Amino acid sequence: MPEYRIAAIPGDGIGAEVVAAGLEVLAALAARAPELTFKIESFPWGSDYYRAHGRMMAEDGLARLKDFDAIYFGAVGDPEVPDHVTLWGLRLAICQGFDLYANLRPARILPGVTSPLAGVGAGDLDWVIVRENSEGEYAGAGGRVHQGLAEEVAVETAIFTRHGVARIMRFAFDLARTRPARHLTCVTKSNAQRHGMVMWDQIFAEVARDYPDIATDKVLVDAMTTRMVRDPSSLDVVVATNLHADILSDLAAALSGGLGLAPTANLNPERAFPSMFEPIHGAGFDIAGQGIANPVGAFWSAVLMLEHLGEAEAAATLLGAIERALASGRASTPDLGGSATTAQVTEAVCAALEGKNL
Ligand code: IPM
Ligand code: MG
């Protein structure tokens, strides 16, 4: 009887609201599948913890998390604490400390959701962006000297390693193999960036030789924005660097209906450490405390968590319930043009899980 130990880190702003909603939905799912149980432990880390303790997470935080089966994360960010402090102190500390190098960002137009692209419906946009999540432009390498003086210099170095690039390419090819279209697009900027990006392209071509059954293409990141807007059905799985995928995944979320819906999985595919699942929307302090945050991104992230745990059936059940709730019109929060609250969306998904008519 699988019992999964989940570490919940609600974090800041609407992160806390959507994680609470996600845990409710997981409890409703477990209630109808007696063989499935979740043991949740919540950690109060984030910006309030920082104000009280001078750090974003406990000093032994990683040691305390490492034996969980998965981490369910809300968001970090605070108007009073610099973003680089909140980010490096918690979210990136976990991603880097646990080598969560593969970041998965699915984008799809869910039922009842309208894409801002005219004439583009559910079948026309079904992507998974694979984001390199451990190095590249987010490596944190660099420094500042002569701070505040006219001579001030700042260096921000992107780092690409053969090991890091090869493993994300293999991960993306393996993923492409599980999808009907069997197509992988490599995003690059090797025309302007002639070191790391040229190696990136080369390793993509090398790894591609081991996957003759996968169709491939290569697109410059600027041209990619145009292609996503003008020809969405020409894309399937996309692999991109940390920064490129960060930007493209926001565009993907917007094109598929909104940032409030978009989920993400930060994976350690070797399972040496727990993987982390979170909505991509962030702390949203402009709407925090109002009870109107869209919890669908957090719910869909729970689906990715279930898939990673090997609970494919439970994952499909939850995704089906999210789709039914959205299709019914009862789960449309203000960001989607509706007036549903977080609690009402949660209720609708729980009702769908219980097989009720919506
Ligand atoms: C994301 C977010 C983060 C990122 C921010 C909060 C630093 O935008 O997960 O896409 O850039 O990685
Ligand atoms: Mg982002």
Side-chain angles (χ1 to χ4, degrees), residues 9-19 22 45-47 50 56-57 71-107 127-142 156-160 164 168 187 189 221 224-225 228 238-268 275-288 293-294 296-298 300-302 304-305 335:
I9 308 180
D12 300 337
I14 60 170
E17 299 167 38
V18 298
V19 163
W45 300 332
S47 298
Y50 177 82
M56 288 293 290
M57 72 194 287
I71 302 166
Y72 191 46
F73 192 87
V76 282
D78 189 283
E80 289 169 9
V81 186
D83 283 341
H84 65 274
V85 171
T86 56
L87 188 71
W88 283 94
L90 188 56
R91 189 174 164 278
L92 286 182
I94 296 171
C95 283
Q96 307 239 341
F98 286 166
D99 204 15
L100 306 181
Y101 65 84
N103 182 221
L104 218 60
R105 301 195 161 191
W127 306 330
V128 184
I129 297 179
V130 175
R131 173 178 181 182
E132 200 297 313
N133 214 30
S134 67
E135 53 178 36
E137 309 86 344
Y138 281 56
E156 186 89 41
T157 308
I159 293 188
F160 295 92
I168 199 65
V187 175
K189 192 64 196 177
V221 65
M224 182 67 171
T225 58
M228 287 167 73
V238 172
V239 64
T241 69
N242 218 329
L243 181 63
H244 290 168
D246 173 43
I247 298 163
L248 295 177
S249 61
D250 266 30
L251 177 58
L255 297 178
S256 50
L259 207 57
L261 301 164
T264 190
N266 300 281
L267 301 175
N268 176 261
S275 292
M276 181 161 83
F277 303 83
E278 55 171 344
I280 79 169
H281 50 61
F285 8 87
D286 52 327
I287 57 160
N294 189 341
V296 170
W300 195 351
S301 301
L304 299 180
M305 179 165 79
D335 56 305

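Numbering of residues begins at 1 and proceeds along the displayed sequence. Numbering of ligands and ligand atoms starts at 1, following listing order. Predicted, not measured: the structure shown is a model, and the values here were computed from it.
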Just checking, is any N or O donor in the side chain of Tyr50 or Asp78 under 3.5 Å from an acceptor N or O on the other one?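 Looking only at side-chain atoms, Asp78 and Tyr50 do not form any donor-acceptor pair under 3.5 Å.
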So, Thr241 and Glu137: side-chain donor and acceptor under 3.5 Å apart, yes or no?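 A pair is found: one side chain offers a donor N or O, the other an acceptor, under 3.5 Å apart.
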Could you grab the distance from atom CD1 of Ile280 to atom CZ of Arg131, nearest 0.5 Å is fine?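 That separation rounds to 9.0 Å.
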So, for [X] and [Y], which heavy atoms are closest and what is the spacing to 0.1 Å?
{"X": "Pro279", "Y": "Ala298", "result": "CB-N, 3.7 Å"}
{"X": "Ala283", "Y": "Gly77", "result": "CB-O, 3.6 Å"}
{"X": "Leu92", "Y": "Tyr138", "result": "CD1-CD2, 4.4 Å"}

Count up the protein N, O or S atoms sitting under 2.8 Å from the Mg ion (ligand 2), would you? 1
Start with the C-alpha distance between Met224 and Leu251, add both sets of side-chain angles, then the distance that settles side chain to side chain contact (heavy atoms under 4.5 Å, CB included), and finish with yes or no. CA-CA 10 Å; Met224 182 67 171; Leu251 177 58; over 6 Å; no
Once salt bridge (Lys or Arg N to Asp or Glu O under 4.0 Å) is applied, do any residues pair with Asp99, and if so which ones, sequence neighbours excluded?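 Checked Asp99 against salt bridge (Lys or Arg N to Asp or Glu O under 4.0 Å); matches are Arg167.
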Donor-acceptor pairs are to be reported for all side-chain atoms of residues 255-265 against protein atoms at under 3.5 Å, with residues two or more places apart or in another chain.
unit_1 : atom_1 : unit_2 : atom_2 : d
Ser256 : OG     : Ala252 : O      : 2.7
Ser256 : OG     : Ala253 : O      : 3.3
Thr264 : OG1    : Asn103 : ND2    : 2.6
Thr264 : OG1    : Leu104 : O      : 3.1
Thr264 : OG1    : Arg105 : NE     : 3.3

Hey, which residues fall under 4.0 Å of ligand 1 on heavy atoms?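 Close residues (ligand 1, cut-off 4.0 Å): Leu87, Arg91, Arg105, Arg131, Tyr138, Asp246.
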